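None of these values were measured; they are calculated from a predicted model.
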Amino acid sequence: MEELVQITGTVEYITFRNEENGYTVLDFSSDGELYTATGNVGELYMGERVTFIGAWSVHPTFGKQFKIEGCRREIPETASEMLSYLSSGIIKGIKEKTAQKIIEKFGDKAFEIIEKHPSQLATIKGISAGKALEISSSFRKQASEREALIALEKFGLSTAECLKAFNMLGRDCAAKIEKNPYLLCGEGIGIKFEKVCEIAKRLPSPPADEFRIDAGIIHVIRHNLGNGHTCLPKEKVIPISNELLGVSEKAVAERVYVLIEKKQLVSQVLYGKEFIFLPNIYKAEKQAADSLLFMKHFAPKCDKDIEGQINNAELIGGICYNETQRSAIRIAVEKGILVLTGGPGTGKTTTLRGILKVFEGQGLEVALAAPTGRAAKRMSELTGRDAQTIHRLLEVEWDRNDKPVFQRNRRNPISAGAVIIDELSMVDILLFSSLLDALPIGCRLVMVGDSDQLPPVGAGNVLHDIVNSKAVPVVELKEVFRQAMESLIITNAHKIVKGEFPELAVKDKDFFFIERKTASSAAETVCDLCTLRLPKSYSYSPTDDIQVLCPSKKGEAGTVNLNKLLQRKINPSAKHKKEHNFGQRVFREGDKLMQIKNNYNIPWENSEGKGLGIFNGDIGILEKIDESSRILNIRFDDRVAEYPFEGNQELEHAYAITVHKSQGNEFPAVVMPVVGVVDQLAYRNLLYTAVTRAKDMMILVGSQQMVKKMTDNNSKSKRYSALKSFIMLGEEN
């Protein structure tokens with residue numbers, strides 16, 4: 001482990017600053033020497049005197065650097081330090097020439113004069129009485145912020161955590177935390193409950209017990225959002241919290257009641273059982289249910305000949321819809337709201353195109369959207385119309401805590417007469433509620449998805465809840481078309497979803513099975529298929545055409561290990577390829593990478609111009625590593641994006657990805673290890689989702705026993721959500 005040291009110096013120049021997370025590259029002087037430092041320090045300014053805590057390192061290109069782990073701001077003491085500070089522009093009303101005049105007149109007493117005797121500033125030519133007061137006010141504001149941040153450092157917080165705490169709690173944040181450190185667990189700061197418990201132990205006076213109990217209860221509910229639950233039964237919240245906190249169930253129950261009274265939690269009895277929610281999640285589910293029912297009961301008028309328009313769509317497309325497809329188109333137009341579901345080969349895309357043609361025939365402006373960039377691109381390819389992410393449709397911006405803020409909402413709705421959303425199974429409740437909130441009155445909504453696929457990564461079970469409520473029109477396409485039946489991928493997908501063992505013995509179609517008994521032998525075979533056998537026999541590109549999907553990240557046949565093996569074989573180290581170490585990971589020119597988080601600020605270029613935004617699930621190739629500018633150039637299809645080295649946390653190797661991450665995508669060839677799958681992942685809809693990602697070829701590598709175990713296991717992981725109940729209760733009322 002690197003030895004941490006302290007060094008005090010003056011900030012001379014800011015080379016780079018990431019406004020989102022405070023990551024900064026700067027030059028600072030210490031004892032007459034100029035050094036480069038990097039790390040999360042927030043808003044430092046040229047001229048500030050600081051003490052950095054961290055470790056020295058030697059960069060291959062830039063030489064000796066200081067990696068910052070912590071930062072303590074020092075108050076400038078000498079006249080020259082004060083001049084640098086005032087010249088930096090940090091104080092409103094003072095520029096370089098004004099700073100020079102102030103220091104020439106007041107010397108090392110300049111700060112005292114500015115703070116306590118602003119009237120004396122007005123004796124300097126060019127500074128009016130009003131401007132002097134403005135300068136003094138700005139200086140006092142900066143000083144109080146500085147003192148607050150310095151005070152926070154004693155709690156053992158990182159610089160980034162100090163900044164979040166200050167932004168949320170204000171200038172007296174240290175005093176507030178001294179009294180109740182569990183404020184640090186709150187929304188917008190988000191420090192782990194366990195870490196805050198350690199901070200509480202080090203305080204001179206222990207905080208009141210109820211602070212810890214309250215934070216522990218909220219932590220339990222917020223933690224379970226990550227498991228997909230929008231709420232928890234009260235009967236489960238109390239024992240789980242009791243186990244975490246080591247206090248009596250009676251004490252927990254009392255504090256749950258208090259938190260509900262204080263509106264920090266919401267209680268709702270649904271069909272005889274009491275559930276506990278976080279307020280924003282309760283609001284999202286309740287408003288989503290209300291919006292769906294409003295759309296159902298106040299459908300837009302339709303005076304035109306729908307049957308004639310459907311017939312016209314058939315003529316234009318040269319197809320003949322079956323009765324279920326015609327019904328779906330009719331409902332979408334007449335009712336104004338529709339859920340369209342169905343497995344592969346059942347004609348969802350054909351039906352979707354028909355709905356689109358009829359909507360456009362009625363003169364409606366139609367917006368098409370999907371939850372991820374790749375899903376939106378696929379939607380565009382299938383419909384021949386522009387599609388975008390739901391976030392882009394809602395014109396997302398991101399606040400300082402990396403939370404989405406949508407510019408389109410009830411007060412500023414999107415301009416569309418109809419909206420079609422694909423891959424609804426991937427949409428969580430917060431995004432879905434925001435979408436409904438932004439629809440104008442009279443807008444038609446068509447929601448397309450496969451209810452047999454995996455639920456969303458985020459909280460909620462939107463598609464399942466809507467379908468199971470039976471309150472919103474749902475059309476399920478069940479007939480598999482003859483041409484689709486020729487594909488073993490499609491017939492096996494339908495077998496799996498029915499709980500029937502898939503056909504694994506056929507050797508001359510598009511679905512293959514290779515028996516392997518151990519995870520290590522399966523991993524070896526997967527690598528062999530990707531690097532030798534499939535490229536040789538089918539001319540598949542290992543990076544562009546073949547995708548390895550894994551049930552899990554862990555284990556010898558998990559994504560972490562397979563990415564290392566596949567990188568070594570597909571893109572080995574070579575003299576002509578630059579590479580860069582990011583912790584334990586090596587990014588090499590030619591690597592296949594995936595963006596794992598929506599980022600609307602990444603610049604890209606293509607033949608048509610420039611733009612911003614790379615999205616969760618986008619897969620690209622690392623084309624260039626530029627050490628001098630610390631930039632990664634990654635090609636995502638036709639776009640080349642620029643990533644600063646500091647953005648590497650949003651990237652993962654993508655030779656192998658999890659099935660969950662593959663949702664919304666389609667790949668020419670999919671290879672999936674099915675051996676040693678842990679019980680909590682060995683279930684039917686995970687296998688089904690993987691199989692339906694393959695367009696031309698699907699290969700399972702592992703044991704037939706595991707395939708059978710996954711096919712037989714239809715006990716989907718339990719998700720507590722309330723959208724279904726809210727819809728049904730709304731219908732009853």
Side-chain angles (χ1 to χ4, degrees), residues 190 221-232 278 280-281 284-285 288 369-376 378 389-392 394 396 398 402-404 406 421-435 447-466 547 549-554 558-560 593-600 614-619 649-654 656-667 672 677-678 680-690 692-693 716-723:
I221 298 168
R222 184 173 288 127
H223 173 79
N224 275 283
L225 290 178
N227 296 327
H229 305 299
T230 63
C231 54
L232 288 177
L278 292 172
N280 65 318
I281 303 296
E285 289 208 288
T372 67
R374 287 182 73 87
R378 185 162 168 249
T389 64
I390 300 172
H391 283 84
R392 179 70 77 189
L394 301 181
V396 71
W398 300 88
D402 212 21
K403 301 291 184 185
F406 297 113
I421 302 297
D422 199 9
E423 298 287 356
L424 187 67
S425 64
M426 298 176 64
V427 179
D428 64 46
I429 188 59
L430 288 174
L431 181 58
F432 185 64
S433 179
S434 297
L435 169 69
M447 300 165 279
V448 185
D450 186 343
S451 56
D452 291 312
Q453 287 188 22
L454 292 169
V457 174
N461 215 355
V462 171
L463 178 56
H464 281 265
D465 279 358
I466 296 173
Q547 185 59 59
L549 301 184
C550 303
S552 171
K553 290 186 175 184
K554 300 176 181 178
T559 60
V560 174
L593 301 175
M594 173 184 271
Q595 173 76 12
I596 59 171
K597 178 183 178 184
N598 286 336
N599 189 324
Y600 289 83
I614 302 295
F615 311 115
N616 184 8
D618 282 355
I619 295 175
Q649 300 94 336
E650 295 183 357
L651 294 165
E652 287 183 355
H653 286 103
I657 63 176
T658 62
V659 178
H660 282 86
K661 277 292 182 186
S662 75
Q663 287 178 270
N665 292 326
E666 187 177 64
F667 310 99
M672 180 182 181
V677 182
V678 294
Q680 57 265 42
L681 292 173
Y683 48 88
R684 185 184 301 170
N685 62 344
L686 186 139
L687 178 61
Y688 172 77
T689 300
T692 55
R693 299 308 92 204
K716 302 179 180 72
S717 53
K718 175 68 176 176
R719 280 200 174 200
Y720 291 108
S721 60
L723 180 60

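- N227 approaches R719 most closely through the heavy-atom pair O-NE, 4.1 Å.
- The side-chain contact (heavy atoms from CB on, under 4.5 Å) search around N665 returns R374, F667, not counting sequence neighbours.
- The two atoms that bring Q663 and S425 nearest to each other are NE2-OG, 4.3 Å, heavy atoms only.
- To the nearest 0.5 Å, atoms NE2 (H660) and CD (Q453) are separated by 11.0 Å.
- Counting only distance, with no hydrogens or angles, the side chain of Q547 and the backbone of A654 share a donor-acceptor pair below 3.5 Å.
- Every residue two or more places apart in sequence or in another chain that forms a salt bridge (Lys or Arg N to Asp or Glu O under 4.0 Å) with E423 is listed here: R378.
- Once rounded to the nearest 0.5 Å, the distance linking CD of Q595 with CD of E652 reads 10.0 Å.
- Across all non-hydrogen atoms, the minimal contact from S662 to L549 is CB-CD2, 3.6 Å.
- By the 4.5 Å heavy-atom criterion applied to side chains, L463 and M447 are not counted as neighbours.
- Residues that satisfy the salt bridge (Lys or Arg N to Asp or Glu O under 4.0 Å) test with K661, not counting sequence neighbours, are absent from this structure.
- Side chains of L454 and Y683 form a contact here, defined as non-hydrogen atoms less than 4.5 Å apart.
- Smallest separation of non-hydrogen atoms from L430 and A284: CD2-CB, 3.8 Å.
- Scored by the side chain to side chain donor-acceptor pair (under 3.5 Å) test, E285 finds T230 as partners (sequence neighbours excluded).
- Between I466 and L723, the closest side-chain pair of non-hydrogen atoms falls below 4.5 Å.
- By the side-chain contact (heavy atoms from CB on, under 4.5 Å) test, D452 is found to be paired with D450, V497, Y688, residues two or more places apart in sequence or in another chain being considered.
- In this structure, CG on D428 lies 10.0 Å from CG on L225, to the nearest 0.5 angstrom.
- In this view, R684 and I496, N714 satisfy the side-chain contact (heavy atoms from CB on, under 4.5 Å) rule, not counting sequence neighbours.
- Taking the side chain to side chain donor-acceptor pair (under 3.5 Å) definition, one finds that S721 meets it with D465, sequence neighbours left out.
- In this structure, the side-chain contact (heavy atoms from CB on, under 4.5 Å) partners of S552, at least two apart in sequence or on a different chain, are K554, L681.
- For F406, the ring pair (Phe, Tyr, Trp, His ring centres under 6.0 Å) partners at least two apart in sequence or on another chain are H391.
- Taking CG from L651 and CG from L593, the interatomic distance works out to 5.5 Å, rounded to the nearest 0.5 Å.
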Exercise. Apply the test side chain to side chain contact (heavy atoms under 4.5 Å, CB included) to residues L424 and F432: give CA-CA distance (whole Å), side-chain angles for both, the deciding distance (0.1 Å), then the verdict.
Key: CA-CA 9 Å; L424 187 67; F432 185 64; 4.1 Å; yes
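- To the nearest 0.5 Å, the span separating CE on M594 from OG1 on T658 amounts to 7.5 Å.
- Taking N280 as the reference, nothing meets the side chain to side chain donor-acceptor pair (under 3.5 Å) condition, with sequence neighbours excluded.
- D618 is linked by a salt bridge (Lys or Arg N to Asp or Glu O under 4.0 Å) to R639, counting only residues two or more places apart in sequence or in another chain.
- For V659 against L686, the heavy-atom pair with the smallest separation is CG1-O, 3.6 Å.
- Considering CD1 of I390 and CG of L435, their distance stands at 6.0 Å, rounded to 0.5 Å.
- Considering all non-hydrogen atoms of both residues, L431 and L394 come closest at CD1-CD1, 4.4 Å.
- Every ring pair (Phe, Tyr, Trp, His ring centres under 6.0 Å) that H229 has, sequence neighbours left out, goes to Y720.
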